[in-house]
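Labels below follow one simple rule: chain letters A, B, ... track the order of the sequence lines, proteins then strands, and each chain is numbered from 1.
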Amino acid sequence: MQIYDSVQKIKVPFEPIRKGEASIYVCGPTVYDDAHLGHARSSLAFDLLSRTLKALGYKVTLAKNFTDIDDKIIKKVEESGKSMEEITSYYINRYFEEMEALGVQRADIEPKATESLQAIEAMIQKLIDKDVAYIISNGDVYFDTGKDAHYGEISHQVGDDEDNQSRVEHTSEKRNPKDFALWKACKGEEDICFDTAFSSGRPGWHIECSAMIEKYFEGTEKYSIDIHGGGADLLFPHHENEAAQSRCATGHELAKYWMHNGFVQINGEKMSKSLGNSFFLKDALKVYDGEVLRYYLNSVHYRNDFNFNEEDLLTAKKRLDKLYRLKKRVTPGKGSSTNKAFKQSLLNAMSDDLNISIALSVIDEMIATTNEKFDANPKDKALKKETIANIEFIETLLGFGGKEPFSYFQIGVDEALKEKIETLLEERTQAKKAKDFTRSDTIRDELISMGIAIMDTADGTVWEKA
RNA sequence: GGAGCCAUCGCCAAGUGGUAAGGCCGCAGCCUGCAAAGCUGCUAUCCCCGGUUCAAAUCCGGGUGGCUCCUCCA
């Protein structure tokens, strides 16, 4: 397995810190709002990583956190009058539902910041004791970036401060402009606070990941985990800061490899609230099938930016349709074993830093050659069993192709419409028998105008929802 | 101001030194009552300029055009 390490900026062989195992921690969402397509893409990217490592035989432990305490959540609490727990649990549940619709496997560990306060306090205390963290007059605790000789090595972002007209404010009691809050002290009565030895308050954003990784992963002398992942925007300052805290607190590096997924744009524009084009996953799922969304969002390499638009999504659906049409040819039935060359080609593609484009082309080729063989010999039992196994492997590795194929083509068709379609098809079959092609073609046109495509096969007429 | 990323057929997108994968669309054909589906065949010299090399989409330099981070952000 080769993966692209964002720190070294090259593809490197994946050599886990424990033989045969892979420990992965991905930065999850701050649960103050619905998940958008960017969350989906990140989740999907690391789902692909996890599935690939599993298929290669690694014992994968995946952790994905929920930031369930932060300024935006507190603001929402104040505005809504609801409790923090009500708000965060609502969005966490929505997140799970929506990710499930995309076929994202659940993480093995799903920690929340509020459930990790002891670990957070312990790590901050450790940093204070080592004098890499300091408390300012209002009770805030800051990390002293000047004490970490390796600060900046993760993101390559921190140069000489003279050249760096950063927009970070220099006005506070911070020792260095890049110093960041480990702990934010209580500001007022309404604030949500937790008591600690240093002050009553709540954790800063970066500390939770470091603390939770220490809490849940055993690590080795050199690293806490194998891979730390997240969106490209997290590289700096979030991951730089995590790395610094962990390094200073534990004496070793946080992660051996760092992976970051690219951004989602909408019709060529950055997705943002100010542009009013935030695309929530829940809205996308109202219009498009989750599996099609999965296929589409995963069809571009995870490190590239992704430009979401409906035309490309429909193209992706057409491609997925072809897999399901092949599946129709082999359903029902039981699989035997996968075609070795096919399986190996897929694994090779995914082993190259998740080269999904090659993987999809391998699948397309399999579909074409299998169809060709079935065209020549429709009753090929061995081929049928092998094809079933091949598709099952696709489902395991890439997370699509698992549906019953006839129902896949009927998504969004209710019972009433279904009955109407069946009635029209029956009438058309009679017309065809009577050689009344004018009538049969009229019926076909009517069905097409309803968004229903039909195809005459040796076994009768079948239909698909476009 | 600082730090990066990207630019390949009409569209999406692989390929990081050895002579351009795959999908969509389009065209031709097989199949079909006609279609659809499926299959077959056809369709690019890689943003521009210069350099290195026997050989470059791939390396180097300079442009042009997009994008990201440095502030909460997947």
Side-chain angles (χ1 to χ4, degrees), chain A residues 6 9-11 26-30 32-33 35-46 67 70-72 152 155-169 177-178 205 229-238 240 260-265 268-273 278 296 299-307 309 311-322 325-326 328-329 349 352 355-365 367-376 432 435-438 440-441 444-445 447-448 453-457 461-464:
Chain A
S6 314
K9 298 189 183 194
I10 47 167
K11 263 190 236 178
V26 180
C27 286
T30 301
Y32 71 103
D33 205 348
H36 56 234
L37 291 177
H39 294 106
R41 170 121 133 116
S42 180
S43 207
L44 248 8
F46 290 100
T67 300
D70 113 312
D71 289 349
K72 289 189 289 286
S155 62
H156 313 285
Q157 275 279 351
V158 184
D160 297 334
D161 279 326
E162 344 306 320
D163 317 327
N164 199 335
Q165 281 196 345
S166 153
R167 284 167 282 178
V168 178
E169 79 295 350
K178 292 282 182 190
W205 176 37
D233 52 329
L234 298 181
L235 184 55
F236 190 87
H238 188 50
E240 187 71 58
H260 293 90
N261 62 275
F263 262 56
V264 176
Q265 302 180 317
E269 282 187 318
K270 180 187 167 129
M271 179 168 53
S272 76
K273 288 199 172 147
S278 280
Y296 176 49
S299 67
V300 176
H301 187 86
Y302 75 92
R303 270 190 282 123
N304 291 164
D305 280 342
F306 190 99
N307 184 17
N309 68 79
E311 187 189 340
D312 292 345
L313 184 140
L314 294 176
T315 297
K317 180 186 182 302
K318 284 180 189 172
R319 217 172 166 182
L320 218 208
D321 286 350
K322 296 204 300 185
R325 289 204 190 95
L326 174 62
K328 281 203 280 194
R329 296 182 86 156
D352 181 15
N355 193 328
I356 190 71
S357 289
I358 298 291
L360 295 181
S361 75
V362 167
I363 291 171
D364 286 333
E365 261 170 57
I367 292 170
T369 56
T370 308
N371 273 323
E372 194 182 353
K373 286 178 190 168
F374 275 131
D375 284 350
K432 273 181 67 179
K435 304 264 186 220
D436 183 359
F437 294 123
T438 312
S440 70
D441 290 352
R444 182 168 61 202
D445 289 343
L447 285 162
I448 289 169
I454 64 172
M455 34 215 75
D456 297 324
T457 74
T461 303
V462 296
W463 59 273
E464 294 178 358

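Classified by interplanar angle (parallel below 30°, tilted 30° to 60°, perpendicular above 60°), the ring pair A/F46/A/Y302 is tilted.
B/rG18 and B/rC60 have their P atoms separated by 15 Å, with the value rounded to a whole Å. The same atom, C1', is picked in B/rU68 and in B/rG15; the two are 24 Å apart, to the nearest Å. Taking atom C1' on both B/rC54 and B/rA74, the two are 47 Å apart, rounded to the nearest angstrom.
One can place CZ of A/F437 at 4 Å from C1' of B/rG33, the figure rounded to the nearest angstrom. If you take CG of A/D233 and C1' of B/rC67, they are 14 Å apart, rounded to a whole angstrom. Note: CD (A/Q157) to P (B/rC69) measures 11 Å, nearest angstrom. When the P atom of B/rG23 is taken as reference, atom CG of A/L360 falls 11 Å away, rounded to whole Å. Rounded to an integer number of Å, the gap from A/Q265 CD to B/rG66 C1' is 9 Å. One interatomic measurement links the two molecules: CG of A/L320 to C1' of B/rG22, which rounds to 15 Å at whole-angstrom precision. Atom CD1 in A/I10 sits roughly 15 Å away from atom P in B/rC59 (whole-Å rounding).
No contact: A/K435 has no heavy atom under 4.0 Å from any strand. Among the heavy atoms of the strands lying under 4.0 Å from A/N371 are primed sugar atoms or P, OP1, OP2 only; no base atom is included. Using a 4.0 Å heavy-atom cutoff across all strands shown, A/A368 reaches sugar-phosphate atoms only and no base atom. Across all strands shown, A/G38 has heavy atoms under 4.0 Å from base atoms, whether or not it also approaches the sugar-phosphate. A/D441 comes within 4.0 angstrom of a base, heavy atoms only. Across all strands shown, A/V264 has heavy atoms under 4.0 Å from base atoms, whether or not it also approaches the sugar-phosphate.
Counting only N and O atoms by type, the side chains of A/D70 and A/T30 include no donor and acceptor under 3.5 Å apart. A donor atom on one side chain and an acceptor atom on the other are found under 3.5 Å apart for A/R329 and A/N371.
Applying the Watson-Crick and G-U wobble criteria (two distances, each under 3.5 Å), B/rC59 pairs with B/rG51. Across all strands shown, the partner of B/rA3 is B/rU68, judged by Watson-Crick or G-U wobble contacts whose two distances both fall under 3.5 Å. The partner of B/rG41 is B/rC27, judged by Watson-Crick or G-U wobble contacts that both fall below 3.5 Å.
Shown here are the salt bridge (Lys or Arg N to Asp or Glu O under 4.0 Å) partners of A/D71, two or more places apart in sequence or in another chain: A/K184, A/R202.
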Atom pairs, protein N/O to nucleotides 35-37 of chain B N/O, distance under 3.5 Å:
{"residue": "B/rA35", "atom": "N1", "partner": "A/D456", "partner atom": "N", "Å": "3.2"}
{"residue": "B/rA35", "atom": "N1", "partner": "A/D456", "partner atom": "OD2", "Å": "3.3"}
{"residue": "B/rA35", "atom": "N3", "partner": "A/R444", "partner atom": "NH1", "Å": "3.0"}
{"residue": "B/rA37", "atom": "O3'", "partner": "A/R325", "partner atom": "NH1", "Å": "3.4"}

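Under the stacking definition used here (centres under 5.5 Å, planes under 30°), the residue A/F236 fails to qualify as stacked on the base of B/rA3.
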For each nucleotide in nucleotides 9-16 of chain B, reading 5' to 3', give B when a protein heavy atom comes within less than 4.0 Å of its base, S when such contact involves only the sugar-phosphate, and - otherwise. --SSSSS-

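Checked by atom type and distance alone, the side chain of A/T315 pairs as donor or acceptor with a backbone atom of A/E311 at under 3.5 Å.
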